[in-house]
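Have a look at the structure below, then the notes.
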Amino acid sequence: MARFRYLAAIARDPSSLAKFYMDGLGMRELGRSADGDVSMTDGYFNFTLFRQRPDLIELRKDLGLHHLGVEVDSVDETVARYRELIPGGVVVREPDSVHFGGVRIFDPECNPISLSETGFGIEKEQRGVPRLGHNAVHMLQPQRTGDFYIALFGMRELRTTQERRRLGKFNCFVGDGFTNLAMHPYYSNRNEAGFREYERIGHDGAEEDHRERRIGFHHFGFLVRDASQKAAQLSQANAEVAERPAIRPYAELRVVDPEGNGFDLTQRKGWEVDFDKWETLD
């Protein structure tokens, strides 16, 4: 069974940022590299922070969320299916350490996906609270990439996709039974103004700042027992906190960490992680 188990970001100061997540969201350290990379876990997800540096071997080296990882039963079988879906698709070996998977592939929009058979260094799963349960990506063709996740990993398309279609929106949502992946269109206003209209109102009609216009991996989210209390705690640790618009199907609050990464907090709205299966704490 394929499951999302890993999230990577590039950070200016991984040590300080890791402390923010460990102190504020109860994550524990998995390991550190000689290059200054730090890996943490909520008991289920490996959240790795790579230090931004010239010799970091990545296509994109800008600060922020970078890629996801999927635990699979067989890397070799997954790679074989990947090559059938995307003939000539790039496959890159990874060090298979606590900071990486064993192999990296790429989705139809060139977003990296790490593959692991060993749970990304997490020896014993403990899905406690707070826990990471949501990832979001801005892309050009959400449905195409959603179909890729469904065909390659057996993910399920969620009812939320159908609901957004009825509203004339082109978001696509998939889940693995434990985690929600939301794919949002970078350009969604189908009019002659195009990019200018997008710049003014953002991808689905709400006023947004420059962080909301990031293409690629965009934000993630934690399920918590008391979202308001947790937000107040994090705001004391140099984080920005804002309520999410009522039109959004997920999460009550958005937090921006000290390096500008956005993540949601939810307890009541939760996330749809399988078709009609929601994870909430209310």
Side-chain angles (χ1 to χ4, degrees), residues 1-8 58-60 62 64-72 75 77-92 101 103-115 134-192 194-195 197-199 202-205 208 212-221 248-250 271-276:
M1 178 178 65
R3 300 178 293 170
F4 296 110
R5 296 288 305 278
Y6 173 90
L7 175 65
E58 295 292 350
L59 292 173
R60 302 167 183 165
D62 51 313
L65 299 177
H66 193 269
H67 65 279
L68 280 174
V70 178
E71 182 183 24
V72 296
V75 167
E77 291 177 6
T78 302
V79 168
R81 289 197 302 274
Y82 169 66
R83 293 196 186 281
E84 290 177 0
L85 288 169
I86 304 182
V90 174
V91 178
V92 180
V103 161
R104 180 177 298 189
I105 60 175
F106 298 83
D107 74 16
E109 300 208 4
C110 207
N111 295 303
I113 305 169
S114 290
L115 304 179
H134 168 69
N135 293 280
V137 194
H138 281 180
M139 52 184 51
L140 300 178
Q141 295 180 295
Q143 189 65 57
R144 180 187 180 205
T145 303
D147 291 343
F148 168 83
Y149 275 95
I150 292 166
L152 181 61
F153 298 116
M155 307 292 181
R156 276 77 67 192
E157 189 166 87
L158 306 180
R159 182 182 290 277
T160 314
T161 301
Q162 301 173 5
E163 294 170 352
R164 302 300 270 181
R165 291 291 186 277
R166 286 195 288 270
L167 294 173
K169 300 184 183 297
F170 295 88
N171 315 68
C172 181
F173 299 81
V174 301
D176 62 3
F178 301 93
T179 303
N180 167 279
L181 176 62
M183 289 159 281
H184 302 306
Y186 186 77
Y187 301 105
S188 62
N189 299 286
R190 303 187 184 284
N191 53 41
E192 293 182 0
F195 182 74
E197 181 70 4
Y198 174 84
E199 287 288 296
H203 72 270
D204 68 356
E208 298 175 295
E212 293 294 317
R213 296 194 293 270
R214 175 188 175 95
I215 195 164
F217 286 94
H218 184 267
H219 69 269
F220 60 116
R248 302 295 173 87
Y250 301 129
W271 291 292
E272 188 184 16
V273 296
D274 210 334
F275 193 84
D276 265 352

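Counting begins at 1 with the first residue of the sequence.
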Determine whether [X] and [Y] make a side-chain contact, defined as any pair of heavy atoms from C-beta on separated by less than 4.5 Å.
| X | Y | value |
| --- | --- | --- |
| Phe178 | Met1 | yes |
| Ile215 | Leu140 | yes |
| Phe153 | Thr78 | yes |
| Phe275 | Gln162 | yes |
| Asn111 | Met139 | yes |

Glu157 side chain to Gly146 backbone, donor-acceptor under 3.5 Å: no
Tyr6 side chain vs Ile113 backbone, donor-acceptor pair below 3.5 Å: no
Closest approach of [X] and [Y], non-hydrogen atoms and distance?
| X | Y | value |
| --- | --- | --- |
| Cys110 | Arg60 | O-NH2, 4.1 Å |
| Ala2 | Val72 | CB-CG1, 4.2 Å |
| Arg104 | Phe106 | CD-CZ, 3.8 Å |

Intermediate values then yes/no, side-chain contact (heavy atoms from CB on, under 4.5 Å), Lys169 and His184: CA-CA 9 Å; Lys169 300 184 183 297; His184 302 306; over 6 Å; no
Starting at [atom1] of [X], measure out to [atom2] of [Y] and round the result to the nearest 0.5 Å.
| X | Y | atom1 | atom2 | value |
| --- | --- | --- | --- | --- |
| His67 | Leu7 | NE2 | CG | 8.5 Å |
| Leu181 | Asp176 | CG | CG | 9.0 Å |
| Leu152 | Glu84 | CG | CD | 10.0 Å |
| Glu272 | Thr160 | CD | OG1 | 3.5 Å |
| Gln143 | Asn171 | CD | CG | 10.5 Å |

Stepwise side-chain contact (heavy atoms from CB on, under 4.5 Å) check, Leu68 with Val70: CA-CA 7 Å; Leu68 280 174; Val70 178; 5.7 Å; no
Phe173 ring center within less than 6.0 Å of Tyr250 ring center: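 So the answer is yes for these two rings.
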Worked check of side-chain contact (heavy atoms from CB on, under 4.5 Å) between Tyr82 and Leu115: CA-CA 12 Å; Tyr82 169 66; Leu115 304 179; over 6 Å; no
More than 12 heavy atoms from other groups under 6.0 Å of CZ on Arg165: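 Yes - once you tally the heavy atoms of other residues, nucleotides and ligands closer than 6.0 Å, there are more than 12.
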